[in-house]
Asks: 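Pasting a structure here, questions to come.
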Amino acid sequence: MQDMDSWLSEKKEIGRRNAAEAVFEDIRTAIVSRKLALGTRLPAEVQLAERYGISRAIVREALRSLQTLGFTQTRTGRGTFVVSESPARQLGGGAYSARDLMEARPCIEIPAAGWAALRRSNAQLASLSSLCDRMDEEEDVQTWVRMDAEFHGEIAGASGNAIFRKVVADVRGALSTQSELVEHVRGRRKASNAEHRRILQAIAAGSQRDAHAAMAEHLLEVKRSIIGIAGEERAPLKI
């Protein structure tokens with residue numbers, strides 16, 4: 001078994017594009033292959049940044065996803081430790097579990113999209129269109145994740161329903177955590193952008209039915225990604 005010092009000494013060349021995903025995958029692979037054994041304390045952020053030739057901010061992105069998946073655990077004042085060789089059965093998402101989000105989002109965001117198609121203002125439509133355009137061009141994961149949450153929040157606002165707007169705003173942090181995790185593990189940015197575009201087109205056309213369908217399709221694809229990450233295909237898991 002390769003020890004941690006030996007693993008750390010292996011310098012890695014990481015491209016600027018999708019750097020956080022590459023770091024996440026490299027560390028995850030080292031854990032799964034037991035190069036980084038259970039109980040191992042990961043190197044400090046500055047050491048990992050040096051190993052990959054990237055910033056500490058990008059390292060933190062990757063570490064957040066590893067912890068969300070349950071591979072690692074950060075202990076205040078002690079560091080980040082390897083605690084599992086497989087994804088956790090209960091995926092974290094801030095104050096809400098993945099199951100909480102999967103059950104609640106269709107009840108809120110599908111009708112919100114439909115009402116947005118009927119009630120949105122021209123200014124709200126322009127804001128959604130601008131977000132879609134910028135997300136298509138964005139390469140930084142954290143910036144894209146923030147815009148993703150903003151897109152869903154804008155739709156809730158455009159619905160004209162204060163409850164939808166409040167609920168989506170309240171779960172925004174959990175949505176961002178989930179979105180970042182799905183992007184790092186599944187690389188769904190391009191697919192999500194296309195799904196967002198279809199939602200936008202339905203809202204622009206004023207079609208409540210099409211907006212319902214487009215949002216339902218998007219949420220289903222997110223659900224499939226989360227289930228796949230949790231390993232649902234291998235064994236029944238609580239997510």
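Values reported hereafter were calculated over all heavy atoms of this structure, with side chains retained and with hydrogens, waters and symmetry mates removed.
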Asks: Do you know which two heavy atoms are closest between A211 and A202, and how far apart they sit?
Replies: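 Taking every non-hydrogen atom into account, N-CB, 3.4 Å.
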Asks: State, to 0.1 Å, how close G70 and S84 come at their nearest heavy-atom pair, and which atoms those are.
Replies: O-CB, 3.3 Å
Asks: Run F71 and V83 through side chain to side chain contact (heavy atoms under 4.5 Å, CB included) and show every step you take.
Replies: CA-CA 6 Å; F71 285 110; V83 296; over 6 Å; no
Asks: Which residues satisfy the side chain to side chain contact (heavy atoms under 4.5 Å, CB included) test with A191, sequence neighbours excluded?
Replies: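 Side chain to side chain contact (heavy atoms under 4.5 Å, CB included) list for A191, sorted by chain: R188, E195.
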Asks: Between the side chains of T80 and T74, is a donor N or O closer than 3.5 angstrom to an acceptor N or O?
Replies: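 Result is yes, a qualifying pair exists.
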Asks: Report yes or no: do F164 and L131 belong to one cluster of Ile/Leu/Val/Met/Phe/Trp/Tyr joined by side chain heavy-atom distances under 4.5 Å?
Replies: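 No: no chain of side-chain contacts under 4.5 Å links F164 to L131.
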Asks: When rounded to the nearest 0.5 angstrom, what is the spacing between CZ in F81 and OG1 in T72?
Replies: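 One finds 11.0 Å between CZ of F81 and OG1 of T72.
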Asks: Not counting sequence neighbours, which residues clear salt bridge (charged side-chain N to carboxylate O under 4.0 Å, His left out) with R60? List them please.
Replies: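 With neighbours one apart ignored, the set is E45.
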Asks: Between the side chains of E61 and S65, does any donor sit under 3.5 Å from an acceptor?
Replies: no
Asks: Does atom CH2 of W115 have more than 12 heavy-atom neighbours, drawn from other residues, nucleotides or ligands, at distances under 6.0 Å?
Replies: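 At most 12 heavy atoms, drawn from other residues, nucleotides or ligands, come within 6.0 Å of this atom.
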Asks: Specify the closest pair of heavy atoms between S159 and A156, including all atoms of both residues, with the distance to one decimal.
Replies: OG-O, 2.6 Å
Asks: Report the distance from atom NZ of K166 to atom CG of D170, rounding to the nearest 0.5 Å.
Replies: 3.5 Å
Asks: Given F24 and L69, is the side chain to side chain contact (heavy atoms under 4.5 Å, CB included) satisfied, shown in steps?
Replies: CA-CA 11 Å; F24 165 85; L69 270 174; 3.4 Å; yes
Asks: Assess whether side-chain hydrogen bond (donor to acceptor under 3.5 Å, both in side chains) is satisfied between E25 and T29, documenting all intermediate values.
Replies: CA-CA 6 Å; E25 184 59 27; T29 299; 3.2 Å; yes
Asks: Between D100 and V171, does the side chain to side chain contact (heavy atoms under 4.5 Å, CB included) criterion hold? Intermediate values first, please.
Replies: CA-CA 10 Å; D100 291 336; V171 302; over 6 Å; no
Asks: Run E150 and R172 through side chain to side chain contact (heavy atoms under 4.5 Å, CB included) and show every step you take.
Replies: CA-CA 8 Å; E150 186 178 351; R172 185 165 179 165; 3.6 Å; yes
Asks: What is the minimum heavy-atom distance between S176 and V145, and which atoms define it?
Replies: O-CG1, 3.4 Å
Asks: With a 4.5 Å cut-off on side-chain heavy-atom distances among I, L, V, M, F, W and Y, is there a chain of contacts connecting Y52 to L63?
Replies: yes
Asks: So among E183, E180, E139, which one has a salt bridge (Lys or Arg N to Asp or Glu O under 4.0 Å) with R189?
Replies: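 Going through E183, E180, E139 one by one, the salt bridge (Lys or Arg N to Asp or Glu O under 4.0 Å) with R189 is satisfied by E183 alone.
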Asks: Under a 4.0 Å threshold between the charged nitrogen and the carboxylate oxygen, would E137 count as salt-bridged to R134?
Replies: no
Asks: Under 4.0 Å between a side-chain nitrogen and a carboxylate oxygen: does that hold for D136 and K190?
Replies: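 No, this pair does not count.
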Asks: Check whether the side chains of T143 and R146 place a donor and an acceptor atom closer than 3.5 Å, and report yes or no.
Replies: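 A donor-acceptor contact under 3.5 Å links the two side chains.
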Asks: Can you find a pair of side-chain heavy atoms, one from R120 and one from L125, that are under 4.5 Å apart?
Replies: yes
Asks: If I take atom CZ from residue R64 and atom CG from residue L181, how far apart are they, to the nearest 0.5 angstrom?
Replies: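 Nearest 0.5 Å value for the CZ-CG distance: 11.5 Å.
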Asks: For the residue pair S130 / D133, report whether a side-chain donor-acceptor contact shorter than 3.5 Å exists.
Replies: no
Asks: V82, V23: one ILVMFWY side-chain cluster at the under-4.5 Å cut-off?
Replies: yes
Asks: Listing request: all ring pair (Phe, Tyr, Trp, His ring centres under 6.0 Å) pairs with a residue in residues 200-228, at least two apart in sequence or in separate chains.
Replies: H152-H218, H196-H218
Asks: Restricting to non-hydrogen atoms, name the atom on C107 and the atom on E103 that form the minimum distance, rounded to 0.1 Å.
Replies: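 Taking C107 first and E103 second, the nearest heavy atoms are SG-O, 3.6 Å.
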Asks: Please check if the number of heavy atoms outside R209 that lie under 6.0 Å from its CZ is greater than 12.
Replies: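 No - once you tally the heavy atoms of other residues, nucleotides and ligands closer than 6.0 Å, there are 12 at most.
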Asks: Give, for atom CD1 of I58 and atom CG of L48, the distance between the pair rounded to the nearest 0.5 Å.
Replies: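 Those atoms lie 12.5 Å apart.
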Asks: Donor-acceptor pair, distance only, cut-off 3.5 Å: does the side chain of Q178 make one with the backbone of L175?
Replies: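 A pair under 3.5 Å: no.
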Asks: Within a reach of under 6.0 Å around CD1 of I163, are more than 12 heavy atoms found that belong to other residues, nucleotides or ligands?
Replies: no
Asks: Please find the pair of heavy atoms, one from V182 and one from S225, that lie closest to each other, and give the distance.
Replies: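 Where V182 meets S225 most closely, the heavy atoms are CG1-CB, 3.9 Å.
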Asks: In Å and rounded to the nearest 0.5 Å, what is the CG to CD distance from L118 to Q208?
Replies: 4.5 Å
Asks: Is the closest side-chain heavy-atom distance between N193 and W144 below 4.5 Å?
Replies: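 The answer is yes; the side chains approach within 4.5 Å.
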Asks: Please determine if E109 and R105 form a salt bridge, counting it only when a charged side-chain N lies under 4.0 Å from a carboxylate O.
Replies: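 A salt bridge links E109 with R105.
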Asks: Atom CD of E154 and atom CD1 of I203: how far apart are they, to the nearest 0.5 Å?
Replies: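 Answer rounded to 0.5 Å: 10.5 Å.
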Asks: Should L128 and I199 count as side-chain neighbours, where that means a heavy-atom distance under 4.5 Å?
Replies: no
Asks: Please confirm whether the backbone N or O of R78 pairs with a side-chain atom of R41, one donor and one acceptor, at under 3.5 Å?
Replies: yes
Asks: Is there a path of hydrophobic side-chain contacts, each under 4.5 Å between heavy atoms, that joins L220 and I110?
Replies: no
Asks: So if you build clusters from Ile, Leu, Val, Met, Phe, Trp, Tyr with side-chain heavy-atom gaps below 4.5 Å, do F151 and L219 land together?
Replies: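 Yes, because F151 and L219 connect within a single hydrophobic cluster, where side-chain heavy atoms sit under 4.5 Å apart.
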